[in-house]
Protein chains: 2
Amino acid sequence: MSESYSKKNLTKKSDRFSDWYTDVILKAELADYAPVKGCMVIRPYGYAIWEGIQRFMDERIKERGVENAYFPIFIPEKFLNREKEHVAGFAPHMAVVTYAGGEELKEKLVVRPTSETIMYEMFKEWTHSYRDLPVRINQWNNVVRWEKRTYLFLRTSEFLWQEGHCAHVSHKESLDTVDWALNMYIDTYQKQLAMYGIAGRKSETEKFAGAQQTFTYEILMPDGKALQGCTSHDLGQNFAKAFDWHVQDDKGEKLFPWQNSWGFSTRSIGGLIMVHGDDQGLILPPNIAPIQAIVIPIPGSSDAVFRYAETVVAQLKAQQIRVKVDARSNESAGFKFNKWELKGVPVRIEIGENEFRKEILTGVFRHNQQRTEIKPYEIQALLTDLQQKLFERHKEFTEKHTHIADTYDVFKEIMSTKRGFIRALWCENPACEKKIKEETKASTRCLPLDTRDQNGLCISCGKPAIHQWVFAQAY
Amino acid sequence: MSESYSKKNLTKKSDRFSDWYTDVILKAELADYAPVKGCMVIRPYGYAIWEGIQRFMDERIKERGVENAYFPIFIPEKFLNREKEHVAGFAPHMAVVTYAGGEELKEKLVVRPTSETIMYEMFKEWTHSYRDLPVRINQWNNVVRWEKRTYLFLRTSEFLWQEGHCAHVSHKESLDTVDWALNMYIDTYQKQLAMYGIAGRKSETEKFAGAQQTFTYEILMPDGKALQGCTSHDLGQNFAKAFDWHVQDDKGEKLFPWQNSWGFSTRSIGGLIMVHGDDQGLILPPNIAPIQAIVIPIPGSSDAVFRYAETVVAQLKAQQIRVKVDARSNESAGFKFNKWELKGVPVRIEIGENEFRKEILTGVFRHNQQRTEIKPYEIQALLTDLQQKLFERHKEFTEKHTHIADTYDVFKEIMSTKRGFIRALWCENPACEKKIKEETKASTRCLPLDTRDQNGLCISCGKPAIHQWVFAQAY
């Protein structure tokens, strides 16, 4: 494929953040705009990141006893209409098939925005007794929520995700799954993507359409806006009742199963790019990087150098390091350095005559451009260390940009200048939430899980408020 | 989930093949009818088979240097119209989105029936020089080809597959990929699914809409009909020209890339079920079976027996055998035997007081109901042997039902009675092919790769014919 890895043209992250974001995605070949309104193409380098996320999560999903399955992409409109809040939430974003097989359809089919309704229709058929519970299903698929403007990874009409759907005999068991899913997502962000965030519960206004409670991991981006990283929903018995899905409990009585659903999407890749990248391009944390180390024998070196490079690659592969060698003769060393920096490979290994003679390697770390002499057997440990450093860096950034606002004036001042997360007392009245959002663009992101009760006053209306919520302008 | 594994109600394969097929899929919980016309739900047990196929093929695809990516599910109608044969072939099966985001779309969007057109539009943007070739892309996704009646796995409006799309500087390189893909599919069938078949080239009538040549693996089903197991297409330069996609060759001149595409779908699971199953239900070849061995401690046995069963399970797991224990106390031994037979688990391991005392296992093989005393360390070898036996059994069946017809009378006689594959001389005139199909239901399946030139006469028109083609009634 055509390669034009010139960093000369790369917008600076520090100058115009939003342009930099799009630019780096296109130039590093993570994704591209599709010739279909609102859609994107995920190119191999971007898709490999998604496959890394899938591998990590799929193993955990299976360990939990949740099984993968596949449900149709088309949902009859009437199913979506059954849960009132659900349809109200999704109706504006639906893509609808009206013609198929050369005929107008009698029943219009919605391209799934999420699969609660079609799944629960089937769960209802498959279960009759409490002994048939829990039902534990996950699917990796594509969903469609219509958007007019594409913002690569972050806002596209179609995206990829996993959606888990479980149903249990008790609310307690269901909540346990909701909690497990949220923690799996937090692990994915922290251990794979090196992204810090705040875990908490969504407000009534911000929760999923049809849920009783929604939990989230909110992540602060370098521009001071927050990204909702995932959601895990306690659906209570809402959908079971809307679908009249009940089984016999152990006393022979009607039991409406307690349900939950949880999703994690390719949106996460957008966050990954923003959080770690710099003026030179992407910076990928080693655990998720499709290529962890790029070996570059200096062009023009002797054959022995190239042979030595091959030996080094074999040594790294034996340590399960995802390594690639760039030994093409038609490009300069400088071009190659630029290219792999732009693509965010955590460590570059340069090999020339000097390295060959001394049997050493020269490593250059992507995140700090530090150049150092390293041994092949040290790389795995260096990558582990680097993963941790990137996480700590983002954690420090987030903490530095998390403010406490005791008054609405301070709140407004922060939002109009530096932004970031704001912890502030709110009375939980949606009217105040709406007013704050209209006046400052900041919406409630979550009530942190580690919150403590206080005796205070709402920063908006001055009425009693017992919790500090986290606010931010959302992506 | 609800379990009703009564084999009493299972239709006999020998009695009514088609009803048995549907029955066994529903009862073994491989799949279910969806509440959307023409669609199915792939349940966890069926999906695990698909995941097995994916694991096997994805590794080979990556080894070949083909990279996974993701392209949009929506294709603008005008793209499909660019290659005339292509659109003619798919138009009757298109599902079309006409409304989205609450508005009527100016440009209708087709839910992808296959992704040639949307991919090639992008490849065109990404490549400028012969140095940018080859392009090697694969995607695992869902596609939609509208059907009114569902035949589980074999004919559904939506199905899952992989579609590989490569483009090369020369026809020779492209043909090499076409050949490689076909061989990967044959390996998947033979080594994983234990299914024998005939590899060959499709006739002009039967080839893919827009291809220059199509290659296939045709598999004989127990009812004497043939299943097209996969396809690998040599697209020549047809699509490149239709899309005006050209790059500069090494002399600075216009080069239209040589393309190929190749696909393998969940249809294969339909064939797997048909080929191996019997009156007791599924029979899964060990390499693809989600559960290779089911350990059943006889209900009512002493605690020591159950502990011994756990030890056995650990021993088998240590050998990488996919094993499950069914130790539930609320079901009888007979119920459990039936259930796992219906689900086609290759070997059942019964453990009672006798087995515990003597430190042996009683194994019962699914495919022949043979009961034998086995040691844990023997199971891996027994499974390998069994895999081979199932393949040989299907190969023998196919050979026994492959006939040579020297005259049209013999051809018609075979088709009206026992069916199967028929090898017969055909002049390659589509008119004869059409007439034969109308009169006997048999279509050309392929020209086998190992064919030899002959000096003969077409069984239909009596004009010169140099090749024996394989005919059969197709699924």
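Below, chains carry the letters A, B, ... as their sequence lines are ordered, and counting in each starts from 1.
Considering only residues two or more places apart in sequence or on other chains, B/Tyr130 meets the side-chain contact (heavy atoms from CB on, under 4.5 Å) condition with B/Val169, B/Asp250, B/Leu255. In this structure B/Ala327 satisfies the side-chain contact (heavy atoms from CB on, under 4.5 Å) test together with B/Pro297, B/Phe306, B/Val325, sequence neighbours excluded.
If you measure heavy-atom distances from B/Met122 to chain A, the contacts under 4.5 Å come from the side chain alone. With a 4.5 Å cut-off on non-hydrogen atoms, B/Ser129 does not touch chain A at all. B/Met119 does not touch chain A: none of its heavy atoms, backbone or side chain, sits under 4.5 Å away. When heavy atoms are compared at a cutoff of 4.5 Å, B/Asn141 does not approach chain A at all.
Within a 6.0 Å sphere centred on NZ of A/Lys37, heavy atoms belonging to other residues, nucleotides or ligands number 12 at most. By the neighbour-count criterion of 12 heavy atoms within 6.0 Å, atom NZ of B/Lys62 is densely surrounded, having more than that number from other residues, nucleotides or ligands. Surrounding NZ of B/Lys324 are at most 12 heavy atoms belonging to other residues, nucleotides or ligands under 6.0 Å away.
B/Arg328 has a carboxylate O that lies under 4.0 Å from a charged side-chain N of B/Asp326, or vice versa, which qualifies the two as a salt bridge.
Chain A forms the most heavy-atom pairs under 4.5 Å with one residue out of B/Glu121, B/Gln139, B/Lys148, and that residue is B/Lys148. When the candidates B/Val247, B/Val36, B/Asn330, B/Asn68 are compared by the number of heavy-atom contacts under 4.5 Å with chain A, B/Asn68 comes out ahead. Chain B forms the most heavy-atom pairs under 4.5 Å with one residue out of A/Phe71, A/Tyr70, A/Trp140, A/Tyr33, and that residue is A/Tyr70. Per-residue heavy-atom pair counts under 4.5 Å with chain B were compared for A/Ala34, A/Pro72, A/Cys39, A/Gly102, and the maximum is reached by A/Pro72. Ranked by heavy-atom pairs under 4.5 Å with chain B, the list A/Ser157, A/Pro35, A/Gly38, A/Pro92 is led by A/Pro35.
Using a 4.5 Å heavy-atom threshold, the side chains of A/Trp126 and B/Val41 count as touching. Between B/His165 and B/Tyr120, some side-chain heavy-atom pair lies under the 4.5 Å cut-off. For the pair A/Thr127/A/Trp245, a side-chain contact is recorded, criterion being any heavy-atom separation below 4.5 Å from C-beta on.
Using modelled atom types, one side-chain atom of A/Thr156 and one backbone atom of A/Glu158 make a donor-acceptor pair closer than 3.5 Å. Put simply, the side chain of B/Lys124 gets close to the backbone of B/Phe243: a donor and an acceptor are under 3.5 Å apart. Of the possible polar contacts, none joining the B/Arg43 side chain to the B/Asp32 backbone as a donor-acceptor pair under 3.5 Å is found. In this structure, the side chain of B/Thr266 engages the main chain of B/Leu160 through a donor-acceptor pair within 3.5 Å.
Close approach to chain B, defined as a heavy atom under 4.5 Å from one of its heavy atoms, is seen in A/Glu103, A/Leu105, A/Leu109, A/Val111, A/Arg112, A/Ile118 of residues 103-118 of chain A, taken by number. Scanning residues 50-61 of chain A against chain B with a 4.5 Å non-hydrogen threshold yields A/Glu51, A/Asp58, sorted by number.
With rounding to the nearest 0.5 angstrom, the CD atom of A/Gln162 is 8.0 Å from the CZ atom of A/Phe264.
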